[in-house]
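Lettering follows sequence order; numbering is per chain, from 1. Treat the numbers as computed from the prediction; the structure is a model and nothing was measured. Only this structure's heavy atoms are used, side chains among them; waters, hydrogens and symmetry mates stay out.
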2 protein chains.
Amino acid sequence: MTDTARAAATTAATSGSKSEQAYAAVKARIVDGTYSPGYRLVLAKIAEDLGVSVVPVREAIRRLEAEGLVKFERNVGATVSGIDPTEYLYTMQTLSIVEGAATALSAPLIGAADVARARAVNAEMRECLQHFDPVRFTRLNQDFHSVLFEHCPNPHILDLVHRGWNRLASLRSSTFRFVPGRAHESVDEHEALLQLIESGASPDDIEKAARRHRSATLDAYLAQTNAGSLSAH
Amino acid sequence: MTDTARAAATTAATSGSKSEQAYAAVKARIVDGTYSPGYRLVLAKIAEDLGVSVVPVREAIRRLEAEGLVKFERNVGATVSGIDPTEYLYTMQTLSIVEGAATALSAPLIGAADVARARAVNAEMRECLQHFDPVRFTRLNQDFHSVLFEHCPNPHILDLVHRGWNRLASLRSSTFRFVPGRAHESVDEHEALLQLIESGASPDDIEKAARRHRSATLDAYLAQTNAGSLSAH
DNA sequence: CCATAGTGTTTCGTATACGATTTCGTACTC
DNA sequence: GAGTACGAAATCGTATACGAAACACTATGG
């Protein structure tokens, strides 16, 4: 179990409900990769691991299903979802839309301090490219975008963004590879986004830019898979 | 009970799982207004109504919570959510975004037959305005938009649209009133949308138009309630 | 050797039961 | 008369138990 997962589990233990605890614990394990796509989630086993009975575990898993992190089949069981490249496409496309909107809505509320913070993160990302540290790069990437939409005044949209990121996180370390060429472009686009925000560009332009930023990552993935160099190893 | 609700209930009865049955049944009652916002959902009572035990009911309600139709408070119980005007704003804003995207993605796949069908629906809506039939108008409005995004190739986005509509449906008959002036504008905008699609306009233009269409409804509501200070769009 | 039926094991699905928590009504005190 | 303390009722939360469905494996017939 990673630190992140352990932290989440601890937090969950603090909150009273065992159902909440199970939910947070399983979610953390999916997001951090302990349970990777296709992993079979056996209710009784998870219940024993967490020291609770199956009922709250079942409830937690149904909730995760509603978020798209888990696939539940009647009388068969639950598996961590997300192997399918088609799902990846759907998720990325949806994320490009809601993330674009979230960023545009946040933009007027982003201050100089936020921009500076984002820039610092982006600088670190550049370093990661030189030292080739994809894991850290991915984490920093999330930090960067968090700065962009954390001020989003509409919690529903923010929630959709988070769900999208969670789904991606569950895929991250398994099926879909880090694409160095795309990563370089990405940090450049980050800087361009920050300048757009600083310059007080229209929400519409910011939305378009943010959307394109993610669409480009999707395109890079599609180009790679079409080229036949699949992530077979 | 509306046709939609009856259909959902029937489907639920056909599917074997009691949890599914409870989910569909309660959802239908929320959407069709049998359970209106603020209604207290007592697990034991619902269980008895449906002839099942509390466990599947509880599970169903947690799922509805994940969809935003229900608010669940620990050790207190569940209530149908949606009274808050702020929530209405959030929902409409989110819907304008996902619906706009869904319509734009569908547009290239919409054929002449679809357009004709939508036009017929819109004509009926005009009639409803003359006879003042808000209930029927609302149902037709949903039919109209269904034609627009039913071909959306991304099921995730489609799902978000449906969730938004469900939330609105639960509000419809209670808190938020029918605004005749806005309704007249609405049917005109529908026709404009259809012409945009027929003319093969760019997805971007279609998305903007679809988005504005919903934003305008939100604005009309805000103007009516004088809660204009909330507007962010 | 393959197909298939039968049996055992695993795992899910839900009813029931009981402890825990909140809420509401009532009586008591100031 | 207002506020508080206490007890009863209602409701939730979860453990346990058992029936049902799916899966894996073996045995049997072709």
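- The list of side-chain hydrogen bond (donor to acceptor under 3.5 Å, both in side chains) pairs with a residue in residues 41-51 of chain A, not counting sequence neighbours, is empty.
- Taking the side-chain contact (heavy atoms from CB on, under 4.5 Å) definition, one finds that B:P153 meets it with B:L105, B:L109, sequence neighbours left out.
- The side-chain contact (heavy atoms from CB on, under 4.5 Å) check on B:V121 picks up B:M125, B:L140, B:D143, B:F144, with sequence neighbours excluded.
- Within residues 45-61 of chain A, the residues that place at least one heavy atom under 4.0 Å from DNA chain D are, in residue-number order, A:V52, A:S53, A:V55, A:P56.
- Chain B approaches DNA chain C within less than 4.0 angstrom (heavy atoms of the protein), and the contacting nucleotides run 5' to 3' from C:dT14 to C:dT23.
- Residues passing the ring-ring contact (aromatic ring centres under 6.0 Å, His included) test with A:H151: none are found, sequence neighbours excluded.
- In terms of heavy-atom proximity, B:A104 sits nearest to B:I206 at CA-CG2, 4.1 Å.
- Judged as a salt bridge (Lys or Arg N to Asp or Glu O under 4.0 Å), and not counting sequence neighbours, the contacts of B:R136 are B:E124.
- The salt bridge (charged side-chain N to carboxylate O under 4.0 Å, His left out) pairs that include a residue from residues 99-111 of chain B are B:E99-B:R214, where partners are two or more places apart or lie in different chains.
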For residues 68-76 of chain B, which side-chain donor-acceptor pairs fall under 3.5 Å, sequence neighbours excluded?
none

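- The distance between atom CZ of A:R63 and atom C1' of D:dG13, rounded to the nearest whole Å, is 13 Å.
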At under 4.0 Å between heavy atoms, which parts of nucleotides 6-11 of chain D does protein reach? Answer with one letter per nucleotide, 5' to 3': B base, S sugar-phosphate only, - none. -----S
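- Applying the salt bridge (charged side-chain N to carboxylate O under 4.0 Å, His left out) test to pairs two or more places apart or on separate chains, those with a residue in residues 145-160 of chain A are A:R117-A:E150, A:D159-A:R163.
- Here B:A102 pairs with B:F149, B:C152, B:I157, B:V161 under the side-chain contact (heavy atoms from CB on, under 4.5 Å) rule; sequence neighbours left out.
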